[in-house]
Number of protein chains: 2
Amino acid sequence: MKLSTKGRYGLKAILDLALHSADGQITLNSIAERQGLSESYLEQLFAALKKAELIKSIRGPQGGYMLADDPENISVGDILRALEGSMAPTDCVAENGHHDLCDSSDRCITRGVWEKIRDGINNVIDNISLQELIDDYYRNNKKRAPDNA
Amino acid sequence: MKLSTKGRYGLKAILDLALHSADGQITLNSIAERQGLSESYLEQLFAALKKAELIKSIRGPQGGYMLADDPENISVGDILRALEGSMAPTDCVAENGHHDLCDSSDRCITRGVWEKIRDGINNVIDNISLQELIDDYYRNNKKRAPDNA
DNA sequence: CTAATACCAAGTAAATTACTAGGGATTACC
DNA sequence: GGTAATCCCTAGTAATTTACTTGGTATTAG
């Protein structure tokens with residue numbers, strides 16, 4: 001029941017993007033360097049974020065990524081689901097369609113538990129916006145200038 | 001972010017135990033057959049449940065397992081944590097000790113999110129008792145007799 | 001034209017999962 | 001006291017998943 005590096009790295013990376021993209025697009029390479037992550041691995045994560053329309057990109061020299069919307073309109077839930085697929089604890093209660101019959105064709109006896117866990121998780125992550133993480137960041141790093149963060 | 005078969009099979013199995021052990025101990029073999037699970041794999045899961053003192057066992061012929069306490073005193077959280085280790089979404093916020101420095105020695109910027117997810121999950125699973133699952137079961141299976149469940 | 005960037009697909013090593021195998025220990029029953 | 005049913009324990013292993021890397025192509029500013 002652990003998050004994969006997709007969710008962990010991806011949230012860190014998009015937060016880094018949010019903290020640095022006020023003045024326009026920023027490159028994957030700069031995010032990778034600041035966060036100590038592999039650039040080519042981040043490419044895959046950003047492809048998923050872009051597919052979910054959470055970020056936009058500009059190609060060519062001076063190109064880069066930026067948020068597709070204001071940070072208060074992007075939730076941690078949007079981000080994690082884009083990266084992890086679904087945050088449901090079992091496939092049989094995943095939001096995305098194909099949860100073929102849970103068990104031997106009859107309703108799974110523990111299904112209600114998985115649904116409650118899924119809803120509990122979604123309730124948490126859908127109520128944290130990227131803006132809140134930005135605010136938290138500045139609250140915890142008062143002494144550093146934004147461009148140095 | 002998916003539960004492993006330990007958690008899924010284990011919860012099913014202990015619920016099966018709870019539903020059938022009113023009259024004393026029942027064998028792993030009978031649980032495995034009813035639930036369509038491997039008996040030898042269940043052995044490992046029951047070893048974990050026993051270590052967590054959620055179940056008791058009697059050895060020898062006519063032996064078997066039974067709950068260590070009344071089902072209203074056993075929570076789904078107790079069961080899942082016994083089986084999965086911790087339900088925290090990352091090691092760095094797991095309840096069990098050793099979460100060595102989250103990141104490059106300074107506080108991880110996304111840690112607050114993982115803590116909230118962890119607390120959200122625990123809040124759900126610690127507030128569902130095995131008794132509630134038993135009640136749910138009978139509510140959904142009114143037509144079947146308890147001994148046939 | 002060149003170089004910097006995003007974009008894409010496929011391959012791969014390591015780790016984890018989900019078991020199985022092969023026993024041993026205990027004890028009711030005859 | 002022998003037998004067989006049961007719990008108990010350790011280690012092995014095949015399959016799957018993860019966490020990347022590799023080796024490109026496409027786009028575009030300068």
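Heavy-atom basis, side chains included; hydrogens, waters and symmetry copies ignored. Note on naming: letters A, B, ... go to the chains in the order of the sequence lines (proteins, then strands), and numbering restarts at 1 for each one. Treat the numbers as computed from the prediction; the structure is a model and nothing was measured.
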Exercise for the section: Can you measure from CZ (A/Arg8) to SG (B/Cys92) and round to the nearest 0.5 angstrom? Expected result: 7.5 Å
Problem - Phosphate OP1/OP2 of D/dT18 contacted by A/Lys6 side-chain N/O (<4.0 Å) - result: no
Practice task
Nearest whole angstrom, please: distance from the P of C/dT26 to the OH of B/Tyr65.
Solution key: 15 Å
Exercise for the section: Output the distance between atom NZ (A/Lys2) and atom CH2 (B/Trp114), rounded to the nearest 0.5 Å. Expected result: 12.5 Å
Practice task
Give me the bend of the helix from C/dC1-D/dG30 to C/dC30-D/dG1, using the axes of the five pairs at each end, rounded to 10°.
Solution key: 0°
Exercise for the section: Would you please confirm or rule out a distance under 4.0 Å between OP1 or OP2 of C/dA18 and any side-chain N or O of B/Tyr9? Expected result: no
Exercise for the section: For B/Phe46, answer base if it contacts any base atom (sugar-phosphate contacts may also be present), sugar-phosphate if it contacts only those atoms, and nothing otherwise; contact means non-hydrogen atoms under 4.0 Å. Expected result: nothing
Can you pull every protein N or O that's under 3.5 Å from an N or O on nucleotides 26-29 of chain D?
residue, atom, partner, partner atom, Å
D/dA26, N3, A/Arg59, NH2, 3.1

Would you be so kind as to tabulate the donor-acceptor pairs closer than 3.5 Å made by side chains of residues 52-60 of chain A, with sequence neighbours excluded?
residue, atom, partner, partner atom, Å
A/Ser57, OG, A/Lys50, NZ, 2.9

Handout entry: Pair A/Ile31-A/Arg34, side chain to side chain contact (heavy atoms under 4.5 Å, CB included): steps then yes or no
Key = CA-CA 5 Å; A/Ile31 298 174; A/Arg34 272 190 302 265; 3.9 Å; yes
Handout entry: Cationic N near anionic O, under 4.0 Å, A/Asp136 to A/Arg139
Key = yes
Fill in the blank from the handout: Rounded to whole Å, the CG-P distance (A/Asp91 to D/dT17) equals 9 Å
Practice task
For A/Leu28 and C/dA4, give me the distance from atom CG to atom C1', rounded to whole Å.
Solution key: 13 Å
Exercise for the section: Report yes if a side-chain nitrogen or oxygen of A/Ser38 is closer than 4.0 Å to either non-bridging phosphate oxygen (OP1 or OP2) of D/dT21; otherwise report no. Expected result: yes
Exercise for the section: Run the numbers on A/Ser4 and B/Met1 for side chain to side chain contact (heavy atoms under 4.5 Å, CB included), then give the verdict. Expected result: CA-CA 7 Å; A/Ser4 72; B/Met1 194 55 185; over 6 Å; no
Problem - Separation of atom NZ in B/Lys51 from atom P in D/dC9, rounded to whole Å - result: 11 Å
Practice task
Select one nucleotide: of D/dC20, D/dC8, D/dA19, the one nearest the side-chain heavy atoms of B/Ser57.
Solution key: D/dC8
Handout entry: d(CD, A/Glu39; P, D/dT22) in whole Å
Key = 13 Å
Handout entry: Under-4.0 Å side-chain N/O to phosphate OP1/OP2 contact, B/Thr5 with C/dA18
Key = yes
Exercise for the section: Write down the distance between CD (A/Gln44) and C1' (C/dT12), rounded to a whole number of angstrom. Expected result: 13 Å
Fill in the blank from the handout: From NZ of B/Lys2 across to P of C/dT17 the rounded distance in Å is 14 Å
Fill in the blank from the handout: Separation between CG (B/Leu3) and CG (B/Leu11), nearest 0.5 Å, reads 8.5 Å
Handout entry: Option among B/Leu17, B/Ile74, B/Asp135, B/Asn73 that satisfies the side-chain contact (heavy atoms from CB on, under 4.5 Å) test with B/Leu130
Key = B/Ile74
Problem - Any B/Ser4 side-chain N or O less than 4.0 Å from OP1/OP2 of C/dT16 - result: no
Handout entry: Nearest listed nucleotide, side chain of A/Ser40, among C/dC8, D/dT21, D/dC9
Key = D/dT21
Handout entry: Rounded distance [0.5 Å steps], CG in B/Leu80 versus CD1 in B/Ile14
Key = 10.0 Å
Practice task
Measure distances between side-chain N and O atoms of B/Glu43 and base N and O atoms of D/dC9, and say whether any donor-acceptor pair falls under 3.5 Å.
Solution key: yes
Practice task
Give, for atom CG of B/Leu83 and atom CD of B/Gln44, the distance between the pair rounded to the nearest 0.5 Å.
Solution key: 11.5 Å
Fill in the blank from the handout: Taken to the nearest whole Å, CD/A/Glu33 to P/C/dA4 is 14 Å
